[in-house]
Amino acid sequence: MRHWLMKSEPDEVSVDDVAAMPKKTVPWFGVRNYQARNFMRDHMQVGDPVFFYHSSCPEPGIAGIARVASPAYPDATQFEKGKYFDAKSTHENPRWMNVDVQLVKKIRLVGLPELRAHPELADMTILQRGNRLSITPVTKAEWEFIVALAAKPAP
DNA sequence: GCCAACGTTGGC
DNA sequence: GCCAACGTTGGC
């Protein structure tokens with residue numbers, strides 16, 4: 001079992017949006033980066049724990065705990081008109097895949113400055129300079145540290 | 001809105 | 001296969 005962090009822009013899909021979904025589950029559509037796709041397609045397993053991260057918003061940070069809820073399957077939005085359409089993708093040979101993600105629980109927001117304040121988390125991919133990858137592995141130690149952090153009051 | 005960092009594209 | 005140009009991400 002691996003642990004993951006998945007970024008979403010809350011303007012598009014927030015933790016609260018997912019909490020309102022049937023079964024609290026959403027297809028993680030819109031990933032258009034090969035490395036992130038490969039994580040979903042080749043490395044995720046149903047049940048893997050996921051941090052739900054809010055990005056490109058006033059308070060970026062980890063906002064929820066979720067789990068991988070399905071194997072990867074073709075991302076429907078690549079075939080639909082809109083910002084995620086990909087003319088080079090076909091049903092026979094789809095380029096983009098997604099898993100379903102199910103929200104387990106909302107947590108207090110553990111913001112970026114708070115994450116950066118802990119030396120235990122200094123190696124997290126998300127905190128590295130220039131990192132833009134929307135899906136990144138998280139180590140077990142990082143996972144457990146952040147879960148414990150979220151259980152404490154906001155600093 | 002700015003801009004650093006990065007991924008992708010396409011000409012050669 | 002190189003690499004410049006371009007587009008995107010995402011924090012600030």
Side-chain angles (χ1 to χ4, degrees), chain A residues 2-21 26-44 48-68 72-104 106-139 141-143 145-150 152-155:
Chain A
R2 299 178 73 172
H3 300 72
W4 305 95
L5 182 145
M6 300 175 80
K7 296 180 188 172
S8 179
E9 301 189 10
D11 282 352
E12 189 147 27
V13 181
S14 72
V15 162
D16 290 329
D17 293 334
V18 181
M21 301 293 258
V26 277
W28 206 262
F29 62 87
V31 169
R32 294 295 179 268
N33 169 284
Y34 290 105
Q35 204 178 341
R37 179 204 66 185
N38 293 348
F39 280 141
M40 288 196 284
R41 189 188 61 187
D42 305 332
H43 300 291
M44 281 188 179
D48 279 358
V50 174
F51 283 134
F52 195 120
Y53 181 92
H54 283 174
S55 71
S56 292
C57 59
E59 276 197 291
I62 295 170
I65 290 175
R67 60 186 281 275
V68 176
Y73 59 92
D75 178 342
T77 63
Q78 69 196 303
F79 306 119
E80 299 163 357
K81 277 197 175 141
K83 66 185 282 200
Y84 295 119
F85 180 72
D86 185 342
K88 293 178 182 168
S89 191
T90 64
H91 284 89
E92 294 68 35
N93 193 15
R95 261 194 194 189
W96 305 113
M97 312 277 286
N98 63 246
V99 297
D100 288 342
V101 172
Q102 180 176 38
L103 185 67
V104 174
K106 189 176 170 177
I107 59 173
R108 77 166 177 86
L109 187 91
V110 181
L112 248 196
E114 186 179 355
L115 293 171
R116 289 195 193 283
H118 295 282
E120 293 88 343
L121 304 177
D123 292 335
M124 279 188 82
T125 310
I126 189 121
L127 301 182
Q128 304 314 304
R129 180 183 179 84
N131 164 71
R132 301 185 313 173
L133 201 54
S134 66
I135 298 177
T136 51
V138 171
T139 67
E142 290 162 350
W143 177 274
F145 187 88
I146 292 168
V147 168
L149 204 55
K152 298 176 189 170

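Residue numbering restarts at 1 for every chain, and letters A, B, ... go by the order of the sequence lines.
- Panel note: side chain E142(A), backbone T139(A); a donor-acceptor pair is recorded below 3.5 Å.
- With contacts defined as side-chain heavy-atom distances shorter than 4.5 Å, the pair R67(A)/V101(A) does not qualify.
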Any chance you could lay out the salt bridge (charged side-chain N to carboxylate O under 4.0 Å, His left out) test for E114(A) and K152(A), step after step, and finish with the verdict?
-> CA-CA 12 Å; E114(A) 186 179 355; K152(A) 298 176 189 170; over 6 Å; no

Please list, for nucleotides 4-7 of chain C, all pairs of protein and nucleotide N/O atoms separated by less than 3.5 Å.
none

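- Results of the side-chain contact (heavy atoms from CB on, under 4.5 Å) test with M6(A) over W28(A), F39(A), F52(A) single out W28(A) as the only residue that passes.
- Here NE2 of H118(A) is found 4.0 Å from CG of L149(A). Values are rounded to the nearest 0.5 Å.
- Between R129(A) atom CZ and dC3(B) atom C1' there is a gap of 11 Å when expressed in whole angstrom units.
- Side-chain contact, S89(A) with Q78(A): a donor N or O sits under 3.5 Å from an acceptor N or O.
- Of the residues in residues 53-61 of chain A, none has a non-hydrogen atom less than 4.0 angstrom from any atom of DNA chain B.
- For the pair K7(A) and dT9(C), the criterion of a side-chain N or O lying under 4.0 Å from OP1 or OP2 is not met.
- A ring-centre distance under 6.0 Å is not found for W4(A) and F51(A).
- Rounded to an integer number of Å, the gap from CD1 of I126(A) to C1' of dT9(C) is 12 Å.
- When rounded to the nearest whole Å, the span between CG of D11(A) and P of dT9(C) equals 14 Å.
- Counting non-hydrogen atoms under 4.0 angstrom, R32(A) reaches nothing in the nucleic acid.
- Among F79(A), F29(A), Y84(A), Y34(A), the single residue meeting the side-chain contact (heavy atoms from CB on, under 4.5 Å) criterion with W96(A) is Y34(A).
- One atom, CG of L5(A), and another, C1' of dT9(C), lie 15 Å apart when rounded to the nearest Å.
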